[in-house]
Amino acid sequence: MIGESRFQKTVRAALARPTGQGTVCIEHFDARRRADERANESTRACIYISPPPRNAMFATTMKTPTRVEMRMNAKRRSTPRATVARAMMTRDATSARAVVGARAREMGREKFSPRPRRCVGAVTRARAEDSASEGVSLEASLGGRPARAHALDATEGRERGVGKGAVLAAALAVGAFTLGGPASAAAAAVPAVVAADTCWILISSALVLFMTIPGLAAFYAGLVRRTNTLSVLIQCFALTAHMSVLWFLCGYSLSFSEVGMKEGATTLASFIGGLDKVGLAGVSMSSVAGTIPEALWVLYQMTFAIITPALMIGAIVERMKFNAVMWFCTLWMFAVYFPACHMVWGGPGAFFADMGVLDFAGGIVVHITAGIGALVAAMYLGERKENKMHQGNLVLTFLGTAMLWVGWFGFNGGSAGAASAGAAFACLATQLSASVSAIVWTALDVIENGKVSVLGTCTASIAGLAAITPAAGFVGPVGACLMGAASAIVCRFFSTTVKEKFGYDDSLDVFGVHGIGGFLGTILLGVLASPALGGFNEVPVMKQTIVQVIAAVSTAVYTAGATWACLKITDKITNGIRVPDEAEEQGLDVYSHGETAYTPMPPVR
């Protein structure tokens with residue numbers, strides 16, 4: 001099969017480019033070499049639409065990844081160019097089959113039989129046939145980037161026997177599927193908003209919000225002393241409301257504005273978004289993001305902005321003032337979260353995006369930033385008076401863990417951006433990683449202590465979920481299982497041995513679970529996303545791993561410095577961020593809120 005290596009290199013290069021537009025790669029396979037095996041073998045042209053690594057829905061408005069394969073007897077010399085184009089313009093494989101089948105009947109070609117097939121992965125395929133005389137290898141980057149056509153040498157062109165005209169016609173037809181294509185063609189091909197995708201992201205938004213309130217709030221509240229239960233609950237609740245308004249006012253604009261961005265050029269806009277979307281300016285009923293309303297994309301990303309600072313609460317419980325928590329998290333969002341979100345998910349021209357960094361659902365943006373921020377905050381505040389975890393209500397922690405696990409399907413599955421096979425694989429990877437992590441951690445607890453720990457098993461599942469987050473859409477089931485096993489071993493080591501050795505009071509193991517889990521998942525992505533392990537990333541393992549390490553380390557270093565600065569400013573604003581010693585002994589429920597979570601039992605008479 002001639003040209004296969006060239007094609008693989010082309011697709012690998014396309015997937016390596018972190019672009020917000022679709023990339024069409026066309027390559028031809030020669031069937032004449034196999035003429036001695038099959039006299040009527042057809043010559044085929046394969047057209048691959050390669051979306052960017054993050055959120056395939058933004059590269060194409062096709063509802064589902066589909067490959068349409070059309071075969072024609074090579075002895076027929078007529079070229080059905082219009083038929084190919086019309087088939088490509090249709091919404092799905094069934095419609096394409098009808099178009100081509102009707103044309104085949106008109107031409108009286110019994111052997112001209114289209115076969116629609118579903119295709120899983122980040123590549124949407126459409127195969128069409130032609131039998132003209134000249135060959136061409138075309139790589140057309142749609143959506144604003146110039147198209148490039150490379151003519152094959154005369155011998156190669158004659159051997160392949162594929163027509164330039166039909167290939168160009170098919171490429172133009174495929175262009176109608178991309179967001180960068182002509183508006184009229186896109187409107188004629190598919191509607192701007194796909195109901196199934198909209199429904200799934202709506203559900204995912206609710207699931208991710210459910211992770212913070214009540215999931216994360218309950219998980220943390222059950223791990224503190226009973227005199228601090230309400231303080232943890234209200235901090236998570238207050239941050240939910242506060243970050244929602246902050247995201248509306250300027251967070252979305254600073255994270256996703258594309259003003260001043262240019263792919264391949266490093267400017268200020270590569271690190272932070274502009275102010276053109278302040279107050280959601282320009283977000284209307286008609287504005288779309290891929291195949292969903294832009295307002296829904298705002299809502300979905302808002303839930304990520306809510307849970308990220310809330311994760312840090314686990315490291316500062318039982319000793320930080322309520323107003324200091326709110327000030328610190330607000331400053332931290334501007335200094336850390338908004339820039340990190342923009343650099344990774346901002347699209348072409350964003351710093352990490354141009355590097356080719358992969359972060360499917362927030363290993364860098366959420367877990368590394370929150371984990372490092374929590375570690376610095378814990379060290380800045382110092383130890384509690386009693387540096388020991390008191391499980392006030394493990395039932396509450398267990399229920400919170402269950403809510404987090406379920407909500408994580410929206411966290412990872414929703415990051416596919418569509419109701420697609422990509423979302424299904426992300427959810428499958430999420431379930432497997434959490435499950436394997438829980439099994440391995442529990443086994444280690446039994447080996448070490450001879451008992452199964454409820455707290456250990458709950459923590460283990462969260463570690464597996466955190467580790468798979470950056471890789472959920474890029475690894476297969478095998479990679480997900482390996483990720484879960486690795487996260488259990490490494491996160492358990494950091495949450496016990498390392499924390500005890502260095503003595504920092506990361507009260508609820510935010511750094512050991514989320515920080516280390518996100519860091520581990522971000523780095524292992526380069527290896528586990530390899531096709532050799534069932535993954536979907538065609539970039540060479542070493543190249544991708546190096547990029548991931550650079551992004552993870554640089555984010556961690558920057559986050560540490562920025563977090564320390566935010567704490568110093570907060571300390572000045574609030575005249576001290578830590579509660580008095582007597583308040584810590586009394587409990588923050590009464591000191592900060594004048595309420596108690598549990599009514600004292602009356603004396604028995």
Discussion item. Let's go through Asn537 and Ser530 carefully: what are the C-alpha distance in whole Å and the side-chain angles of both, what is the deciding distance for side chain to side chain contact (heavy atoms under 4.5 Å, CB included) to 0.1 Å, and is it a yes or a no?
Written reply: CA-CA 6 Å; Asn537 183 31; Ser530 169; over 6 Å; no
Worksheet item: Please walk me through it: do Arg225 and Glu585 pass salt bridge (Lys or Arg N to Asp or Glu O under 4.0 Å)?
Response: CA-CA 10 Å; Arg225 292 185 301 161; Glu585 295 175 1; over 6 Å; no
Worksheet item: What do the steps show when you test Thr459 against Trp441 for side-chain hydrogen bond (donor to acceptor under 3.5 Å, both in side chains), and what is the final call?
Response: CA-CA 9 Å; Thr459 305; Trp441 191 308; over 6 Å; no
Worksheet entry | Chi angles and distances behind the salt bridge (Lys or Arg N to Asp or Glu O under 4.0 Å) call for Asp445, Lys451 | CA-CA 7 Å; Asp445 279 347; Lys451 296 181 180 179; over 6 Å; no
Item to complete: Determine, step by step, whether Thr522 and Thr555 satisfy the side chain to side chain contact (heavy atoms under 4.5 Å, CB included) criterion, reporting the C-alpha distance in whole Å, the side-chain angles of both residues, the deciding distance to 0.1 Å, and the verdict.
Response: CA-CA 11 Å; Thr522 299; Thr555 300; over 6 Å; no
Fill in: From CA spacing to verdict: salt bridge (Lys or Arg N to Asp or Glu O under 4.0 Å), Arg578, Glu584
CA-CA 9 Å; Arg578 184 161 179 159; Glu584 189 173 339; 3.1 Å; yes
Fill in: CA sep, side-chain torsions, deciding dist, call: Asp359, Val365, side chain to side chain contact (heavy atoms under 4.5 Å, CB included)
CA-CA 8 Å; Asp359 185 3; Val365 178; 3.7 Å; yes
Worksheet item: After noting the C-alpha distance and the side-chain angles of Phe409 and Gln431, does the key distance pass the side chain to side chain contact (heavy atoms under 4.5 Å, CB included) rule?
Response: CA-CA 8 Å; Phe409 280 80; Gln431 182 71 15; 3.2 Å; yes
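For Phe271, the ring pair (Phe, Tyr, Trp, His ring centres under 6.0 Å) criterion is met by Phe351, not counting sequence neighbours. Applying the ring pair (Phe, Tyr, Trp, His ring centres under 6.0 Å) test to His367 and every residue at least two apart in sequence or in another chain returns Trp408, His514.
Checking Leu209, Val208, Ile201 one by one against Ser205, the side chain to side chain contact (heavy atoms under 4.5 Å, CB included) holds for a single residue, Ile201.
Atoms CD1 and CD1, on Ile307 and Ile213 in that order, are 10.5 Å from each other to the nearest 0.5 Å. Atom-to-atom distance recorded for Ile550:CD1 and Thr545:OG1 is 11.0 Å, nearest 0.5 angstrom. In this structure, CG on Leu254 lies 4.5 Å from CD1 on Ile272, to the nearest 0.5 angstrom. Between the CD1 atom in Ile234 and the CZ atom in Phe322 there is a gap of 6.0 Å [rounded to 0.5 Å]. Here CG of Leu588 is found 10.5 Å from CG of Leu230. Values are rounded to the nearest 0.5 Å. We find the CG-OH distance between Leu375 and Tyr380 to be 15.0 Å, quoted to the nearest 0.5 Å.
Checking side-chain atoms of Asp589 against main-chain N and O of Thr596 turns up no donor-acceptor pair under 3.5 Å. The main-chain N or O of Gly464 is found under 3.5 Å from a side-chain atom of Ser433 such that the two form a donor-acceptor pair. Between the Asn228 side chain and the Gly587 main chain, no donor and acceptor come within less than 3.5 Å of each other. No donor-acceptor pair under 3.5 Å is formed between the side chain of Ser437 and the backbone N or O of Ala463. Between the side chain of Ser487 and the backbone N or O of Gly484 there is at least one donor-acceptor pair closer than 3.5 Å. Looking at Thr397, its side chain does come within 3.5 Å of a backbone N or O of Phe219 through a donor-acceptor pair.
A side-chain donor from one of Gln548 and Gln544 sits under 3.5 Å from a side-chain acceptor of the other. With 3.5 Å as the limit, one finds a donor-acceptor pair spanning the side chains of His242 and Thr330. The closest side-chain donor-acceptor pair between Arg319 and Ser507 falls under 3.5 angstrom. Thr430 and Asn412 form a side-chain donor-acceptor contact under 3.5 Å, judged by distance and modelled atom types alone. Checked by atom type, the side-chain pair Thr457/Thr442 shows a donor-acceptor distance below 3.5 Å. Checking Tyr252 against Glu294 by side-chain atom types alone, a donor-acceptor pair falls below 3.5 Å. For the residue pair Ser255 and Trp345, no side-chain donor N or O sits within less than 3.5 Å of a side-chain acceptor on the partner. Looking only at atom types and distance, the side chain of Asp276 has a donor-acceptor partner in the side chain of Ser257 under 3.5 Å away.
The aromatic rings of Phe411 and Phe304 lie parallel to each other, with less than 30° between the two planes, well short of the 60° mark.
Using a 4.0 Å cut-off between charged side-chain N and carboxylate O, Glu582 and Lys385 make no salt bridge. Salt bridge annotation for Asp505-Arg384: present, with a cationic side-chain nitrogen under 4.0 angstrom from a carboxylate oxygen.
Atom CE of Met379 is surrounded by 12 or fewer heavy atoms from other residues, nucleotides or ligands within 6.0 Å. Within 6.0 Å of atom CG in Asn575, 12 or fewer heavy atoms from other residues, nucleotides or ligands are found, so the atom counts as exposed in its surroundings. Applying the 6.0 Å contact sphere to CZ of Phe398 captures no more than 12 heavy atoms from other residues, nucleotides or ligands. Counting non-hydrogen atoms of neighbouring residues, nucleotides and ligands closer than 6.0 angstrom, the CH2 atom of Trp200 exceeds 12 such neighbours.
Within the 4.5 Å cutoff, the side chain of Val475 has heavy atoms near those of the Ile468 side chain. You'll find the side chain of Met312 reaches within 4.5 Å of the side chain of Trp332, heavy atoms only. A heavy-atom distance below 4.5 Å is found between the side chains of Phe334 and Cys250. Considering only heavy atoms from C-beta on, Leu394 comes within 4.5 Å of Leu455 through its side chain. Proximity of Val553 to Phe519: side-chain heavy atoms (C-beta onward) are separated by under 4.5 Å at one or more points.
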